[in-house]
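Structure record follows, encoded as structure tokens.
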Amino acid sequence: MGEMDYQLIESKWQKKWREKKAYESNPDKREKFYLTAAFPYPNSPQHIGHARTYTTTDVYARFKRMQGKNVLLPMAFHVTGTPILAMAKRIAEKDEELLKIFETIYGIPRGKAAELTDPKELVTYFSKEIEQGMQEMGFSIDWRRKFYTFDPRFNKFIEWQFRKLKRLGFITKGSHPVPWCPRDNNAVGSHDTKGDVDPELGEYVLIKFKYKDGFLVAATFRPETIYGVTNVWFNPKANYVKVKFNGEKFVVSAEAAEKLKMRHSDLTVEEKNVKIASGEECENPMGGKKVPLYPASFVDSKNGSGIVMSVPAHAPYDYLALRDLGKAQGIIQVLKIEGFGEFPAKEVVEKMQVKDQNDPKAEEATKEVYRKEAHGGTMVVGKYKGEPVLEAKEKIKGDMIAEKKALIMNEIINGPVFCRCGALCGVKTVEDQWFIDYGNEEWKEKVRGHFAKMSIIPKKAIAEYEYTINWLKEKACARASGLGTKFPFDEKKMIESLSDSTIYMAYYTIAHKLAELKPEELDEKFFDYVLLGEGKGNAKMDALRKEFLYWYPLDSRHSGADLIHNHLTFFIFNHVAIFPHELWPRQIVTNGFVLMDGGKMSKSLGNILSLRSAVKKFGADVVRFSVVSGAELGADSDFNQTLAEGIDARIKIINDLIEQSVKNKDKAEWGKSDADKWLASRWGKRVAHAEELFEQLQLREVAQEIFYNTINDIRWYQKRIGNGKQNLRKLLEEWVLLVSPFMPHLAEELWEKLEGTKKGMVVEQKLPKASAKYDENAERAEQLVISLLEDTENILKMIKRTEPPKKISIYCASDWKRKVYEIVYAEKRFDTSMKKAMALPEVKPYAKMVAKAVEQYVKNVAGLSSKLMSQKEEVKVLEGAAEFLGKEFSCEFSVMKEEDAAKMGEAHKKKAEFSQPNKPSIFIE
RNA sequence: GCAGGGGUUCCAGAGCUUGGUCAAAUGGGCAGGGCUUAGAACCCUGUGGCUUAGGCCUCCGCAGGUUCAAAUCCUGCCCCCUGCACCA
């Protein structure tokens, strides 16, 4: 049998598709189908994980083509933002870790990698690499439309989009705290930090306790507990300083002063080494009570302000530290929670037997108390007495800030976080920050309205979108640095990367024709006309508008499920804002990730499989099939060698069958035997079902049906029909077409073997219509044979006979039993079934046996089938299979009616009485 | 904390919407057999327990409930994963 050289086959057909311009799509008379997948970010080559979304999209595109649609699948590269800059910088710094990953995982020689210190160079290199990989995967992409998001023409398009948003009132301005690197003078995201840590911001409330000529500021997450303050803590080992900003003087730790400077640029240090003495007093701004200052070791000068207010009723650390000092009296209750008395902190500490403030269990106790109090607590003191803690907290915070009793301090709570440049990151409040106001209620309402009409696949994701739509608020849309498009209303800023990729699908429709125009020609009027039909346009613009209107709206958007909570929802928002409703997107499809050998792929584990090396090793079609057929769309699918080998083996089985069928010159028609009818029916059902499954992107299910299950059916068929009689021609033809969306290269190759060139290539074929119909009788008949075979095997196994059987006699149940069976099927109960059965004249003569039969059927009432064969039909079917069954057991095999058993002797007769409809009795000698 | 997803037989993973045909698909692993000089591949059989005639018992995170009947429906509980942004 022929060997399959995947690489040869792949390049052969890729070349033919190219020559044919099979995937260059232009408007024509056909109905269009326009789909896109989230474009890649080329700061590294792609791994098999990336292949999931693109393969899903491509399978869908190929399926739609086979439905006769004019399909457009374009691709471009997203280069906006800072990760590419960060990557180039790391290379310039000869980051060993990075170069090693490039070398070992992606096979990029060190020399080559080291050259990629210029961001544009880096982009060019990796985008070529990615494009090459996509070509090798056989994705049916119209590459003429490729662009980069830093292309001047695309910049003009994005500027247009932002001007539109501004005019609609969706661009706002304000201030915003961000994680910040003081050395780079830029916001930091996870890819800018050492170890790729994502800096998390937390918000402390700094409460001003009057102290000497200024304030001690205590940092807290729980401002509502201000009523329960008994004292204020400082750490005797910490270094405190007096600083001045906003015209006021504050005592804080030296570390806190550093952090505060990032927000308050007017901050000056008035006095270093401020000594705080135990027992000194300060004044609670809420009520003006004087409270003492005490030392405590649990206070960390790096957290917050380095000063902490003490609320021993509700904070285990505070209670412990006071107990350590022997001053745990005069505790003040602030709130109550079910299941606790006045002082939850004290109770928990005592219950958990926490020794002192340095006991690790103190942390646990704190979590326990905080969780309960935040969730179910109710205030028992103060202005908001009786209100839930959660609400009172916000109100008290707001009040105190308004009355200048407190201020806000943002901090990285999972710190210390270091920038790649080595500097410690802090928090900066960016003034003049620009936002897209996704919180706009009117806008949201329009989005909700359209979302309800969209097709969301898988359906499970709907709730997540709805949650996101409701939750979205102002989204910062400009940054100090990065590649991409300049922010049109502040040329010193760049548009942030999630904000420039929300309507680019519109750009693809005309991207390949814009080269003829100069960037400056693509002004506001240009896009107003081409994309919105507003204003006046020339002939060229008219042509572009037509093209745009042919493809838009987008029929299907594809991406990983992780983008639901930002990109995909932004995508809906922006379309709704900018375009008329008839051009709003129709469908979104999201998929899960790819696991490697059951685990998550990660750089640190080094278990990343690069896409191109996977293709080399396993073949494009095997990789394609693996990543989309391994799990349901929304679930993560696993990739591993065994899976790939299993697919490979089955491809070879089909290839052999095809070669054999061609050699035998099989006629393109189904055989007439029972086995043929059975196979035709089973296959016909699958073909008929496939279109719906493809439509819903139930690719795992399609794969299961037409790949694995069909091959299992073929195995039974071959066994059943015997050597030399098989004809699988029709099935194979249809099979090749049905798997072609998954395995386009192999499909072409197999199709050519089967059909030559007279019908053209697979890419020109339509989805097959089932050549055989579901045949209930054929399937029921064959099922009878299958279960008889199984039952016989069971019995043989059970009786542990050493010598093979000499003769097997089969007795098919009498027709009166079938009557009884039907009655039980309808009645489901013993008593009524009995009554009805005995009323029938044809049953009556068997009165003695009826009760037994009814009992049998009732017991198995769930397993009864709605339609029965007659005794005559059953005998006929089994006689047809007698030769086969005899061969299986290498013995004589006879099929008779139950009534004939008596002739064979008493033993036969007794056994035959056990026969049931669908379950003939088996007598083995 | 909020939101979403999930817990099934050695593993992965279907089934749950529409309760019965579910000891529970399919794939993998493992065991035995066949083929082979041997192995790989391939094919067959087995893989909860008991059982010398196709049977019985137990079982689908835990605990209850509804029903003639529950992996599937209802209630409560436990555990795991993901996201919560200015970052692609």
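Numbered from 1 within each chain, the chains take letters A, B, ... in sequence-line order.
Going from atom CG of A:Leu563 over to atom P of B:A88 covers 12 Å, rounded to whole Å. Rounded to whole angstrom, the span from the CG atom of A:Asp437 across to the C1' atom of B:A85 amounts to 15 Å.
Nucleotide B:A88 has no partner under the Watson-Crick or G-U criteria, as no pair reaches both atom distances under 3.5 Å. As the counterpart of B:G29, B:U47 is assigned, both hydrogen-bonding distances of the Watson-Crick or G-U wobble pattern falling under 3.5 Å. Remark: B:G83 base-pairs with B:C2; criterion is Watson-Crick or G-U wobble with both hydrogen-bond distances under 3.5 Å. Using the Watson-Crick or G-U wobble rule with both distances under 3.5 Å, B:U21 pairs with nothing in any strand shown. For B:C35, there is no paired base (Watson-Crick or G-U wobble, both distances below 3.5 Å).
Comparing B:A88, B:A53, B:A25 by their nearest atom to the side chain of A:Tyr41 picks out B:A88. The side chain of A:Glu632 lies closest to B:A14 when the candidates are B:A14, B:G27, B:C87. Distance from the side chain of A:Glu496 is smallest for B:A88 among the nucleotides B:A53, B:U26, B:A88. Side-chain atoms of A:Tyr467 lie closest to B:C2 of the nucleotides B:C86, B:C2, B:G28. For A:Ala463, the side-chain atoms get nearest to B:G4 when compared with the rest of B:A88, B:G28, B:G4. Taking the side chain of A:Lys460 as heavy atoms from C-beta on, and the options B:G54, B:G5, B:A88, the nearest nucleotide is B:G5. Each of B:G55, B:A53, B:A88 was ranked by its minimum atom distance to the side chain of A:Ile795; first place goes to B:A53.
Between A:His908 and A:Phe923, the ring-plane angle classifies as tilted under the 30° and 60° cut-offs. A perpendicular orientation is assigned to the rings of A:Phe435 and A:His176, their planes being inclined by more than 60° (bins at 30° and 60°). Taking the six-membered ring where tryptophan is involved, the planes of A:Tyr465 and A:Phe451 are tilted, since the angle between them lies from 30° to 60°. Note: A:Phe625 and A:Tyr708 have tilted aromatic rings, judged against thresholds of 30 and 60 degrees for the angle between ring planes.
Between A:Ser497 and the phosphate of B:A88, there is a side-chain N or O to OP1/OP2 separation shorter than 4.0 Å.
Taking the centre and axis of the six-membered ring of A:Tyr811, the NZ or CZ atom of A:Lys909 falls outside the cone set by 45° and 6.0 Å. A cation-pi arrangement is absent between A:Lys817 and A:Tyr821, since the terminal nitrogen or guanidinium carbon is not both under 6.0 Å from the aromatic centre and inside a 45° cone about the axis. Under a cutoff of 6.0 Å and an axis angle of 45°, A:Arg557 and A:Phe571 form a cation-pi pair.
Side-chain contact check for A:Thr172 and A:Asp437: no donor-acceptor pair (N or O, by modelled atom type) lies under 3.5 Å. Checked by atom type, the side-chain pair A:His567/A:Asp562 shows no donor-acceptor distance below 3.5 Å.
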_Using a 4.0 Å heavy-atom cut-off to protein, can you give one letter per nucleotide of nucleotides 42-51 of chain B, 5' to 3': B if the base is in contact, S if only the sugar-phosphate is, - if neither?_
SS-SS----B
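Atom P of B:C81 sits at a distance of 14 Å from the matching atom of B:U8, rounded to the whole Å. Comparing the C1' positions of B:U18 and B:C73 gives a spacing of 12 Å, expressed to the nearest Å.
With RNA chain B read from its 5' end, the first of the two nearest nucleotides for A:Phe914 and A:Asn709 is the one closest to A:Asn709.
Taking 4.0 Å as the cut-off between side-chain N and carboxylate O, A:Asp713 and A:Arg686 count as a salt-bridged pair.
Non-hydrogen atoms lying under 4.0 Å from RNA chain B are contributed by A:Trp471, A:Leu472, A:Lys473, A:Glu474, A:Lys475, A:Ala476, A:Arg479, all within residues 470-479 of chain A.
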